[in-house]
Amino acid sequence: MMRSQLLSWVLVLLLYPLPSFFAAPLTLSTQDPQPSILFMLSSLAISGGNISILQEAIEMRRKGMLVSLAVSRKHVPADYVSLIMALSSAITTEGVRDMIIIYDGNCCWPKAPSSELVRLARSFDIVIATYHTTALALEVIVKDHPHLMPAYYVQDYEPWFTCNPFECPFRNKLTFYNRWLNKPLVTKEKHFKYTESTYSVVSGKVFLFAKTKWIKKMVEDNHKDTHVHLVTPSIDHTVYYPELDFLKMKAKVARMLPLKSLKSTPPGSIVGKIKIIAMLRPRTPRRNTLICLDTLLKLANEYPTLVQVSFFGVDRTQLTALVASLVEIRGMAPYRSSSMLRREGGEGTVKVLGLLKQRHDLAKLYRSSDLFVDMSWWQAFGRTAVEAMACGCVPIMPSVGAGSDVCEGGRVCQYHDGTDEVGYYAVVESLVQNHTERLRMMEAGLTRAGEYSIRQAASSIQAALRTGLTDFRRKNLVSL
């Protein structure tokens with residue numbers, strides 16, 4: 001009896017699927033409920049766009065997504081595990097080693113990608129370039145593995161990095177900086193043409209996404225038949241947050257009092273000087289180091305009892321050399337540079353803070369400061385400015401790039417053309433003098449910066465990639 005019943009159940013299990021199988025053709029699934037994603041990094045440097053990618057990838061893994069990051073062994077620091085763990089408390093040592101795939105061989109243009117990278121990519125559904133030098137690998141990978149959806153997380157408008165002589169809007173400025181750096185003005189036309197081509201790799205089938213409207217517009221306006229999907233930018237609110245100490249915040253707000261009140265305030269009181277900070281990066285011309293230095297030294301000279309300017313990114317010796325370069329190039333220095341400079345920790349008009357290696361040190365500086373100045377030629381996002389805003393420090397951003405969008409047209413921060421020295425000086429000076437406006441912007445900026453969360457960014461990337469993968473599979477009739 002039991003044997004016959006068992007036989008009946010076997011027959012049912014074998015025969016039951018047959019009618020439905022023959023009644024309708026097989027339907028290809030166009031949306032994998034759990035697509036696997038591989039980001040290709042040019043290095044594991046903990047800076048700029050890499051910070052966003054790493055933190056967003058960690059958050060996507062927390063949400064249950066299968067996310068990995070591939071990087072060549074040539075560009076992996078020995079302490080990469082601790083460096084990445086410092087970016088998020090949500091990941092363990094084992095989690096970092098599981099997330100980061102280290103391969104041997106080359107990663108980036110102009111050399112062909114490592115065969116190991118091409119091989120390991122086949123296990124994923126989506127492979128993403130994160131810098132123009134990694135976009136070449138997409139061509140090779142997709143040629144061998146056509147089921148993969150190629151994507152490119154565009155972090156900046158990178159053709160401007162190479163500055164073609166006929167198309168770069170900052171050509172004259174670059175000439176100035178190369179003369180100062182004693183570098184020959186080399187035309188990188190081959191590099192420029194390659195960078196321009198990266199937005200249409202894989203015969204234009206690459207899925208482009210970016211974090212700001214400015215990047216989207218630059219790519220779509222300058223490269224035919226491209227479409228860039230917009231995702232949400234992010235900063236780390238576990239590090240960048242406003243002052244929580246009541247007395248320190250009271251002192252910060254007190255500096256927002258009307259100018260007449262400041263004049264009657266005795267030295268050494270709770271009010272103190274208006275604190276202005278700026279980052280100097282001499283080896284990167286587009287950060288406009290010399291002009292930023294010149295502008296803020298003039299301001300410190302004009303308002304010696306009202307403002308204190310602090311520079312980070314260089315030490316005192318480097319800053320002294322930069323001032324000497326200004327004198328040599330411009331033939332004058334309308335400020336008392338030698339008497340304004342003070343050693344780190346001093347209370348002079350100008351302070352030199354050196355290189356801040358820890359994000360918590362930078363956040364602490366933001367929280368104790370009133371204005372953050374960025375005179376770059378452009379900022380595709382302006383991470384440092386938004387981080388300053390999140391700490392209650394009002395940023396002044398370059399107008400070229402995301403400045404208008406981040407500042408909401410001047411509602412939460414100020415922006416101006418970083419190459420216009422006179423106009424930029426006037427903007428900074430107006431905020432020094434208008435204490436009520438600084439307070440208003442500080443309060444509005446805290447709310448604005450709160451919109452840039454890692455969780456929202458991860459969700460927006462997840463949604464964009466799922467939509468892209470659905471369309472890709474529908475068009476290419478690919479199903480896993």
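FYI, the numbering just counts along the sequence from 1. None of the values given here were measured: they were computed from a predicted structure. FYI, side chains are in, hydrogens and waters are out, and symmetry mates aren't considered; it's all heavy atoms of this structure.
- A distance-only check finds a donor-acceptor pair linking the side chain of N50 to the backbone of A45 [under 3.5 Å].
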side-chain contact (heavy atoms from CB on, under 4.5 Å) between D370 and L431, intermediate numbers included: CA-CA 10 Å; D370 302 298; L431 282 179; over 6 Å; no
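- At least one donor-acceptor pair under 3.5 Å links the side chain of E220 to the backbone N or O of V228.
- Considering CG of D405 and NZ of K213, their distance stands at 4.5 Å, rounded to 0.5 Å.
- Note that CD1 of I277 and SG of C393 are 4.5 Å apart. Values are rounded to the nearest 0.5 Å.
- L117 contributes atom CG, which lies 4.5 Å from atom OH of Y103 (distance to the nearest 0.5 angstrom).
- With hydrogens and angles disregarded, a donor-acceptor distance shorter than 3.5 Å links the side chain of Q318 to the backbone of D315.
- With K273 contributing its side chain and P304 its backbone, the two residues share a donor-acceptor pair below 3.5 Å.
- Of the residues W160, Y415, F381, the one that meets the ring-ring contact (aromatic ring centres under 6.0 Å, His included) test with W214 is W160.
- Considering W109, Y153, F161 as possible partners of Y131, the one that fulfils the side-chain contact (heavy atoms from CB on, under 4.5 Å) test is F161.
- Side-chain contact check for L87 versus D236: every heavy-atom pair is 4.5 Å or farther apart.
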K216 and H229: CA distance, side-chain angles, deciding distance, side-chain contact (heavy atoms from CB on, under 4.5 Å) verdict: CA-CA 7 Å; K216 173 181 171 67; H229 298 261; over 6 Å; no
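- S310 and K275 share no donor-acceptor pair across their side chains, judged by distance under 3.5 Å alone.
- Closest approach of K63 to A458, counting heavy atoms only: CD-CB, 4.2 Å.
- The distance from the CD1 atom of I91 to the CD1 atom of I58 is 4.5 Å, given to the nearest 0.5 Å.
- The closest side-chain heavy-atom distance from P398 to D374 is below 4.5 Å.
- Checking side-chain atoms of Q308 against main-chain N and O of T349 turns up no donor-acceptor pair under 3.5 Å.
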From CA spacing to verdict: side-chain hydrogen bond (donor to acceptor under 3.5 Å, both in side chains), S234, Q55: CA-CA 9 Å; S234 66; Q55 290 181 328; 5.2 Å; no
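- Of all the heavy atoms in P285 and R283, the pair that sits closest is CD-O, 3.4 Å.
- One N or O on the side chain of Y152 and one on the backbone of H132 form a donor-acceptor pair closer than 3.5 Å.
- Taking both residues in full, the closest heavy atoms of F207 and A464 are given as CZ-O, 3.2 Å, listed atom of the first, atom of the second, then distance.
- The minimum heavy-atom distance linking H237 with G450 is given by the pair CE1-CA, 3.8 Å.
- Using modelled atom types and a 3.5 Å distance limit, the side chains of T198 and E158 yield no donor-acceptor pair.
- Side chains of I101 and L38 form a contact here, defined as non-hydrogen atoms less than 4.5 Å apart.
- A side-chain donor-acceptor contact under 3.5 Å links R367 to the backbone of Y241.
- Contact annotation: the side chain of P77 approaches that of L44 to within less than 4.5 Å [non-hydrogen atoms, C-beta and beyond].
- From L297, atom CG reaches atom CG of L326 across 7.5 Å, with rounding to the nearest 0.5 Å.
- Residues Y157 and N222 form a side-chain contact, since some pair of their non-hydrogen atoms from C-beta on lies under 4.5 Å apart.
- Under a cut-off of 6.0 angstrom, the local environment of CZ in R62 is sparse, with at most 12 non-hydrogen atoms contributed by other residues, nucleotides or ligands.
- Listed for the T226 side chain is a donor-acceptor partner under 3.5 Å among the backbone atoms of V219.
- Heavy-atom minimum distance, S68 versus R61: OG-NH1, 4.4 Å.
- Taking 4.0 Å as the cut-off between side-chain N and carboxylate O, R448 and E451 count as a salt-bridged pair.
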L138/M40 under side-chain contact (heavy atoms from CB on, under 4.5 Å): CA gap, chis, key distance, verdict: CA-CA 9 Å; L138 288 177; M40 296 186 298; 3.9 Å; yes
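- Residue R455 qualifies as open at atom CZ: its count of foreign heavy atoms under 6.0 Å is 12 or below.
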From CA spacing to verdict: side-chain contact (heavy atoms from CB on, under 4.5 Å), V432, I276: CA-CA 9 Å; V432 166; I276 304 173; 3.9 Å; yes
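- Contact annotation: the side chain of V231 never approaches that of E56 to less than 4.5 Å [non-hydrogen atoms, C-beta and beyond].
- Atom CD1 of I274 and atom OG1 of T305 lie 9.5 Å apart (nearest 0.5 Å).
- In terms of modelled atom types and a separation under 3.5 Å, the side chain of Y240 and the main chain of V386 share no donor-acceptor contact.
- With T212 contributing its side chain and I215 its backbone, the two residues share a donor-acceptor pair below 3.5 Å.
- Considering all non-hydrogen atoms of both residues, C407 and M397 come closest at SG-SD, 4.0 Å.
- Counting only N and O atoms by type, the side chains of E302 and Y425 include no donor and acceptor under 3.5 Å apart.
- Counting heavy atoms from C-beta outward, F311 and L296 have side chains that approach closer than 4.5 Å.
- At least one side-chain heavy atom of M99 sits under 4.5 Å from a side-chain heavy atom of L69.
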